[in-house]
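Working notes, structure below.
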Protein chains: 2
Amino acid sequence: MTCKKNELYEAYHKLLKLDAALHENETCQCQAEDVTSKQKYYLKVIDKNYRVTFSQLAQETQNSKPTITELISKFISMGCVYRERSPEDGRVYFIYLTPKGKSIARSEERTQIQVIERIKNSLTDEELDQLITLLNKIL
Amino acid sequence: MTCKKNELYEAYHKLLKLDAALHENETCQCQAEDVTSKQKYYLKVIDKNYRVTFSQLAQETQNSKPTITELISKFISMGCVYRERSPEDGRVYFIYLTPKGKSIARSEERTQIQVIERIKNSLTDEELDQLITLLNKIL
DNA sequence: TTTTTATTAGTTAGTGCTTACCTAACTACT
DNA sequence: AGTAGTTAGGTAAGCACTAACTAATAAAAA
């Protein structure tokens, strides 16, 4: 039994390694090497709240408005974000992710898709069904 | 086919979520909430190099000696590390991880073991064998 | 209906703390 | 004299704040 556990550990470990390797590649390709985890978190918030304003973002992330101003300026200079003035209210700016920002915000998802692709290409249709069934039994 | 891909995506996503949830729990339990990723990296280096000295660590991590002094003082104040003077050479100190430091350095591994445990408990012996076989076919 | 007066959105200026690095000069030991 | 680690002092970036500001709009008063 301990032996089987070990086998499973190895197999699972290999899968995680694959995920990590693909993710690193992703990170590299969208030039996200020196994006901090906080910044990634903020990019994800911006991604989830399409056309978000500075004030909304401040509220959403529990930060002061100057903090958001600074954050967004940094993101703009990094090429992750751009903004557009609201045509209805000239005080308001909408914040949008650039392709680069989006690819950083969604890098985990994209990695997952690559892993799936890899799995799909390694297994036959029946094996795939088996795997899905097994994974769904977990927990 | 796209549908099957989606199923696999969901199943895999669920597995990663489980991993993340267990890992967060781990992180919380070893009081590693405000350990930065750099710090975690250094703890791993210390873990891999048992009885490492300041100079060795400086060389290993490509840092100056004062940087290491500062790093280790921080770790000592955090309760992650302790040091002992070499009995052979009074200039030298050996660096060791405390249980807390060790549990932070190995938190991923420990999470993985928990996931394995979870999988083991959810599947029959035959299913386990199936899963291992399938996972080993990937790549 | 103007005009004045809030109010709101975002900015600027000025602080403060922490991480994560450095060099130069030092002490203590071999 | 040379090596191990320390101290002092410095820099840059991230991540936060408050107080005081400008510009735009909404509300109230003339």
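Values below: all heavy atoms of this structure, side chains included; hydrogens, waters and symmetry mates excluded. Order of the sequence lines fixes the chain letters, A, B, ..., with proteins taken first and strands second; residue numbering starts at 1 for each chain.
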Quiz item: Below 4.0 angstrom from OP1 or OP2 of dA16(D), is there any side-chain N or O of Tyr42(A)?
Solution: yes
Self-check item: Ionic contact status for Glu117(B) with Lys120(B), cut-off 4.0 Å
Solution: yes
Quiz item: Just how far, in rounded Å, is P of dG10(C) from CG of Asn63(A)?
Solution: 14 Å
Exercise. Report which part of the nucleic acid Thr69(A) touches: base, sugar-phosphate, or nothing (heavy-atom distance under 4.0 Å, all strands).
Key: base
Quiz item: Which heavy atom of Thr98(A) sits nearest a heavy atom of Val81(A), and at what distance?
Solution: CG2-N, 3.6 Å
Quiz item: Roughly, in whole Å, what's the span from CD1 in Ile72(A) to P in dG14(D)?
Solution: 14 Å
Quiz item: For the pair made of CD1 in Ile68(A) and P in dG14(D), what is the distance, rounded to whole Å?
Solution: 15 Å
Exercise. Not counting sequence neighbours, which residues clear salt bridge (Lys or Arg N to Asp or Glu O under 4.0 Å) with Glu127(A)? List them please.
Key: Lys137(B)
Quiz item: Does a side-chain N or O from Gln39(A) land closer than 4.0 Å to OP1 or OP2 of dC15(D), or not?
Solution: yes
For nucleotides 23-30 of chain C, print each protein N/O atom paired with a nucleotide N/O atom at under 3.5 Å, atom names and distance only.
unit_1, atom_1, unit_2, atom_2, d
dT30(C), OP1, Gly90(B), N, 2.8

Quiz item: Quick one: is Thr53(A) getting a side-chain N or O under 4.0 Å of the dA9(C) phosphate, OP1 or OP2?
Solution: no
Quiz prompt | Nearest to side-chain heavy atoms of Ser55(A), which nucleotide of dC22(C), dG10(C), dT6(D) | solution = dG10(C)
Self-check item: Distance below 4.0 Å between Arg83(B) side-chain N/O and dT6(D) OP1 or OP2
Solution: yes
Quiz prompt | Rounded distance (Å) that lies between atom C1' of dT19(C) and atom CZ of Phe75(B) | solution = 11 Å
Quiz item: Honestly curious: do Tyr41(A) and Val35(B) fall in one hydrophobic cluster under the side-chain, below-4.5 Å linking rule?
Solution: no
Quiz item: What is the distance from CE of Met78(A) to C1' of dC15(D), rounded to the nearest Å?
Solution: 14 Å
Quiz item: Within this structure, what is the CD-to-C1' distance between Gln56(B) and dT3(D), rounded to whole angstrom?
Solution: 13 Å
Exercise. Without swapping roles, check the side chain of Glu70(B) against the backbone of Thr67(B) for a donor-acceptor pair under 3.5 Å.
Key: no
Quiz prompt | Nearest-angstrom distance from the residue atom NZ of Lys38(B) to P of dA13(D) | solution = 14 Å
Quiz prompt | Polar contact flag, side-chain donor to acceptor under 3.5 angstrom, Tyr96(A)-Asp47(A) | solution = no
Exercise. Would you please test Tyr50(B) and Phe94(B) for ring pair (Phe, Tyr, Trp, His ring centres under 6.0 Å) and show each step?
Key: CA-CA 9 Å; Tyr50(B) 183 66; Phe94(B) 297 119; 9.0 Å; no
Quiz item: Rounded to the Å, how far apart are Gln62(B) CD and dA20(C) P?
Solution: 17 Å
